[in-house]
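One structure is given below, encoded as structure tokens.
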Amino acid sequence: MFASIQGKVAVVTGASRGIGKGIAEVLAEHGARVAVMARSRDAAQACADALVAAGGQARGYAADVGDRTSMDAAARAVAQDHGGIDIVCANAGIFPSASLEEIDGPAWDLVLNTNARGALYTVQACLPWLKQAEAGRVILTSSITGPVTGYPGWAHYAASKAAQLGFMRTAALELARHGITINAVLPGNVLTEGLNEMGADYLEQMTRSVPLRRLGSVRDIGWATLFLASREAGFITGQTLVVDGGQTLPESVAAL
Ligand code: NAP
């Protein structure tokens, strides 16, 4: 399935762990040459090494998505190493919890700069090579939180994830001229190292709120991303794909 990914060069930001690692795994298993990015070069390379050990092609790169110079340098290095960039998965993100009273300017800026501005910088840095690609693809990892739902403690995070979608819809129009598509995957609660740290009570309560009665896996998000990265998804742009096990469907607890 999705053999069109074979040999494509795929940048995945925030791929040293969590959802990004799941995306990198699925793309590598389908023959993509994966550029694993994270601020920690060692962690990015460790993930790339694991992908290579499993039979894939991958290399680690240090990149901070909130820093345009850093992203430009990383994109240039990928293009030099692999001859171009075909697929960009703007996945890196942070989700510190803070109440409305606690969110000050620096806290707001950190989340918006990483999650929303980071998506912009990731696309901008890779754009020279995406334009040359046969069928350029951008996939954003947004969230149900913000675009669809709310959750106390994440007002700044929710704003950043909704901002990604506003960015995407206008970017889709500008990128279409170059034959590039841009879409967003909106995960529900996905079992990552980060989510694990929220504790057993949180995980149990979240699982109960999902009609399919399990949390998402990082590979669930990887599969959705793979589809949007494929040639088969070439007529889809500016769209969102919710991957949440039905979590956003019930009108009330009685409907669960
Ligand atoms: P995670 O496990 O905390 O991993 C975050 C990744 O991003 C790491 O590789 C981290 O590596 C990297 N990163 C953090 N800040 C960065 C920066 N400034 N520049 C470059 N890389 C950076 O996170 P996750 O749960 O997998 O979340 C990944 C994405 O999915 C985020 O956009 C998040 O909003 C979204 N999401 C997650 C869930 C969920 O349930 N987990 C649900 C909905 C949406 P370094 O620290 O080395 O940079």
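In listed order, ligands and their atoms are each counted from 1.
Nearest protein heavy-atom neighbour of atom 18 (N) of ligand 1: Asp64 OD1, 3.0 Å. Considering only non-hydrogen protein atoms, atom 30 (O) of ligand 1 sits nearest to Thr141 CG2, 3.3 Å. Of the protein's heavy atoms, Tyr157 OH, 2.6 Å lies nearest to atom 34 (O) of ligand 1. Of the protein's non-hydrogen atoms, Asn91 O, 3.3 Å is the one closest to atom 31 (C) of ligand 1. The protein heavy atom nearest to atom 7 (O) of ligand 1 is Gly14 CA, 3.2 Å. Closest to atom 11 (O) of ligand 1, if we only count protein heavy atoms, is Ser16 OG, 3.3 Å. The protein atom (non-hydrogen) at minimum distance from atom 42 (C) of ligand 1 is Gly188 O, 3.0 Å. Of the protein's non-hydrogen atoms, Arg39 NH2, 3.4 Å is the one closest to atom 14 (C) of ligand 1.
Nearest heavy-atom pair, Asn189 versus Met206, reported as atom, atom and distance to 0.1 Å: ND2-SD, 3.3 Å. Of all non-hydrogen atoms in Val9 and Gly84, the two that sit nearest each other are CG1-O, 3.3 Å. Across all their heavy atoms, Arg59 and Ala48 have their closest contact at C-CB, 3.6 Å. Among all heavy-atom pairs drawn from Ile94 and Val111, the shortest one is CD1-CA, 4.1 Å.
The 12-atom threshold is exceeded at CZ of Arg219, counting heavy atoms of other residues, nucleotides or ligands nearer than 6.0 Å. When the shell of 6.0 Å around CG of Asp201 is examined, it contains 12 or fewer heavy atoms from other residues, nucleotides or ligands.
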Side chain to side chain contact (heavy atoms under 4.5 Å, CB included) assessment of Leu195 paired with Leu215: CA-CA 10 Å; Leu195 207 74; Leu215 298 176; 4.2 Å; yes

Side chain to side chain contact (heavy atoms under 4.5 Å, CB included) between Ile19 and Asn91, intermediate numbers included: CA-CA 8 Å; Ile19 289 175; Asn91 166 79; 3.4 Å; yes

Candidate pair Val218 and Val190, rule side chain to side chain contact (heavy atoms under 4.5 Å, CB included), full reasoning: CA-CA 6 Å; Val218 295; Val190 177; 4.0 Å; yes

Full working for side chain to side chain contact (heavy atoms under 4.5 Å, CB included) between Glu134 and Asp86: CA-CA 8 Å; Glu134 186 195 353; Asp86 302 289; 5.7 Å; no

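At least one N or O atom of Ser40, backbone or side chain, sits closer than 3.5 Å to an N or O atom of ligand 1. Between Glu193 and ligand 1, a contact under 3.5 Å exists for no N or O pair. Not one N or O of Ser143 is nearer than 3.5 Å to an N or O of ligand 1, by distance alone. At least one N or O atom of Val190, backbone or side chain, sits closer than 3.5 Å to an N or O atom of ligand 1. In terms of polar-atom proximity, defined here as any N/O pair under 3.5 Å, Ile19 does make such a contact with ligand 1. The N/O atoms of Val65, backbone and side chain alike, include one that comes under 3.5 Å of an N/O atom in ligand 1.
Contacts with ligand 1 closer than 4.0 Å are made by side-chain heavy atoms of Thr192 only, the backbone lying farther away. Residue contacts with ligand 1, taken as heavy atom pairs separated by less than 4.0 Å, do not involve Leu191 at all. Heavy atoms of Ala63 found under 4.0 angstrom from ligand 1 belong exclusively to the backbone. Contacts between Lys161 and ligand 1 below 4.0 angstrom, taking non-hydrogen atoms only, involve the side chain exclusively. Looking at Thr114 against ligand 1, only its side chain comes within 4.0 Å, counting heavy atoms. Of the heavy atoms in Ala43, none comes closer than 4.0 Å to ligand 1.
Side chain of Ser4 to backbone of Arg231: a donor-acceptor contact under 3.5 angstrom is found.
Taking every non-hydrogen atom of Ala15 and a distance limit under 4.0 Å, the qualifying atoms of ligand 1 come out as 9 (O). With ligand atoms numbered from 1 in the order given, ligand 1 contributes 40 (O) to contacts under 4.0 Å with heavy atoms of Asn189. Shown in contact with Ala38 at under 4.0 Å from a heavy atom are these atoms of ligand 1, numbered in order with element: 11 (O), 47 (O), 48 (O).
Only one option out of Asp64, Val65, Leu120, Val123 pairs with Met71 in a side chain to side chain contact (heavy atoms under 4.5 Å, CB included); it is Val65.
Residue-ligand proximity: Thr13 is placed with every non-hydrogen atom at 4.0 Å or more from ligand 1. Not close to ligand 1: Gly216, with no non-hydrogen atom less than 4.0 angstrom away.
Comparing heavy-atom distances from atom 5 (C) of ligand 1 across Gly18, Gly20, Ala90, Gly93 singles out Gly93 as nearest.
Both Ile87 and Val185 are part of a single hydrophobic cluster, where members link through side-chain heavy atoms under 4.5 Å apart.
Every side-chain contact (heavy atoms from CB on, under 4.5 Å) that Lys21 has, sequence neighbours left out, goes to Glu25, Cys47.
No salt bridge links Arg76 with Asp72; every basic N to acidic carboxylate O contact stays at or beyond 4.0 Å.
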